[in-house]
Amino acid sequence: MAIFKKAKKSDDNLSIKDIVLPEHIGIIMDGNGRWAKKRGLPRTAGHTAGAQTFRRIARYCSDIGIKYLTVYAFSTENWKRPKEEVEAIMRLFKDYMIEAITDFQDDSIVVKFIGDRTVFPPDMLELIEKNEQDSKDRDGMVLNIAMNYGGRDELVNAVKKIALDVKDGKLDVNTIDAQLISDSIYTAGQPDPDLIIRPSGEYRTSNFLLWQSAYAEYCIMDVLWPDFKSEDLDKALIEFAKRNRRFGGV
Ligand code: FPP
């Protein structure tokens, strides 16, 4: 776990150079629909703009030295949206995956996908696996893209896996602990998020990193995701640095 140099609450002139950055940031990329509505555009235009913001912010996080970034792109509940909206998000996701393979070959970012990938068609699955395979030995930021991800779904799968191991005699029920659960979910081997940013002003977790966010600091920001700039990320990082994290201690 990273040690945080706590910034003084009174210090209004901090820059990100003055603070210790969180190791792992999660972002709920919210507000695409409202952004489009405000402009009289279809919701899909909001997602296209949101995908551009995602590219910029992921690059910025990598440039400033963030070690892990997890973005919430599509939840297990988002299938309830209109068909054309789901298709548009899937297309944007696919475009990004193709781009990541073909254009980012000299990149240092490690790309991972978290979520239930079994529902994706074979071409998508192939792209997901190729991205993970091609980037796995890189030494830069780990970018987790949460696609068809749900925190509850992730825990249900972990429970099933552990229950099977107990049933098959591979695991003693008394050895089940929090570490085993952390090791049985998509983010196994990664540190928990320190900071979760939710643009668009909503105060909800929306099933994002339920287990992992036990001690995450939340930063709710009044900006819609397509409008989110690197300056907004800096603001969240500075706000985070002023928080007093106690992890249940005093
Ligand atoms: C939430 O905003 C956003 C989504 C459900 C989709 C997010 C997808 C992208 C940013 C683009 C695709 C991703 C990649 C990785 C290229 P909302 O639609 O719920 O907004 P609203 O609350 O204003 O309606």
Side-chain angles (χ1 to χ4, degrees), residues 25-62 66 68-104 107 109-117 119-120 123-125 127-132 134-135 141-151 153 186 196-209 218 220-230 232-233:
I25 300 177
I27 304 183
I28 301 175
M29 303 189 288
D30 195 17
N32 297 347
R34 276 163 284 169
W35 182 91
K37 194 173 173 202
K38 260 173 64 180
R39 287 163 177 75
L41 297 169
R43 291 178 58 81
T44 49
H47 296 311
T48 305
Q52 283 306 105
T53 302
F54 155 71
R55 285 176 175 82
R56 271 193 294 103
I57 296 298
R59 177 69 48 206
Y60 182 66
C61 285
S62 158
I66 299 300
Y68 296 85
L69 171 68
T70 302
V71 290
Y72 205 8
F74 194 84
S75 78
T76 43
E77 288 72 39
N78 285 153
W79 298 103
K80 292 181 214 152
R81 295 187 175 214
K83 189 165 170 272
E84 65 275 14
E85 184 172 342
V86 170
E87 281 172 1
I89 296 173
M90 292 300 155
R91 246 190 334 269
L92 289 165
F93 175 50
K94 191 169 175 181
D95 288 349
Y96 179 74
M97 288 192 293
I98 295 170
E99 196 179 299
I101 291 173
T102 53
D103 302 344
F104 302 165
D107 206 7
I109 296 179
V110 179
V111 186
K112 287 181 189 270
F113 295 88
I114 63 169
D116 176 7
R117 57 181 75 184
V119 300
F120 293 125
D123 60 331
M124 288 269 261
L125 213 47
L127 283 168
I128 289 176
E129 281 163 8
K130 180 140 179 61
N131 264 291
E132 290 185 330
D134 287 6
S135 69
M141 182 181 83
V142 173
L143 169 65
N144 295 313
I145 303 179
M147 276 305 285
N148 193 29
Y149 172 88
D153 187 60
Y186 297 122
I196 295 184
I197 301 172
R198 182 159 196 163
S200 95
E202 305 283 3
Y203 287 74
R204 284 194 288 278
T205 65
S206 296
N207 208 7
F208 184 52
L209 302 179
Y218 265 82
I220 310 293
M221 303 189 74
D222 206 9
V223 50
L224 302 173
W225 176 247
D227 289 330
F228 195 92
K229 305 271 180 306
S230 56
D232 296 306
L233 191 91

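All residue numbers refer to positions in the sequence shown, counting from 1. Counting starts at 1 for both ligands and their atoms, following the listed order.
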Tightest non-hydrogen contact, residues Lys229 and Arg56, listed as CA-NH1, 4.1 Å

The answer for which part of Arg43 has a heavy atom under 4.0 Å from ligand 1 is side chain

**Q.** Asp103 atom CG, over 12 foreign heavy atoms within 6.0 Å
**A.** yes

Is the side chain of Asn78 donor-acceptor paired with the backbone N or O of Ser75 at a distance under 3.5 Å, no angle test?
yes

Atom 22 (O) of ligand 1 sits nearest the protein heavy atom Arg34 NH2, 2.9 Å

Looking only at protein heavy atoms, what sits closest to atom 13 (C) of ligand 1 is Ala73 CB, 3.9 Å

re atom 9 (C) of ligand 1, the protein heavy-atom contact at minimum distance is Asn32 ND2, 4.0 Å

Closest to atom 12 (C) of ligand 1 among protein heavy atoms sits Leu92 CB, 4.1 Å

Residue, atom and distance of the protein heavy atom nearest atom 5 (C) of ligand 1 read Asn78 OD1, 3.5 Å

Report task. Kindly say whether the aromatic ring centers of Tyr218 and Tyr203 come within a distance under 6.0 Å. Result -> no

Test item, Ser200 contacting ligand 1 (heavy atom, 4.0 angstrom) | no

**Q.** Six-ring centre of Trp79, Arg81 cation under 6.0 angstrom, axis tolerance 45°
**A.** no

If you scan protein heavy atoms around atom 19 (O) of ligand 1, the nearest is Arg81 NH2, 2.8 Å

shortest atom 20 (O) of ligand 1-to-protein heavy-atom contact is with Gly33 N, 3.1 Å

Is a side-chain N or O of Asn148 found less than 3.5 angstrom from the main chain of Asp116, in a donor-acceptor match?
yes

for atom 1 (C) of ligand 1, nearest protein heavy atom and its distance come out as Met29 O, 3.3 Å

Practice problem: Indicate the ring-plane relationship of Phe208 and Tyr72, choosing parallel, tilted or perpendicular according to the 30° and 60° boundaries. | Solution: parallel

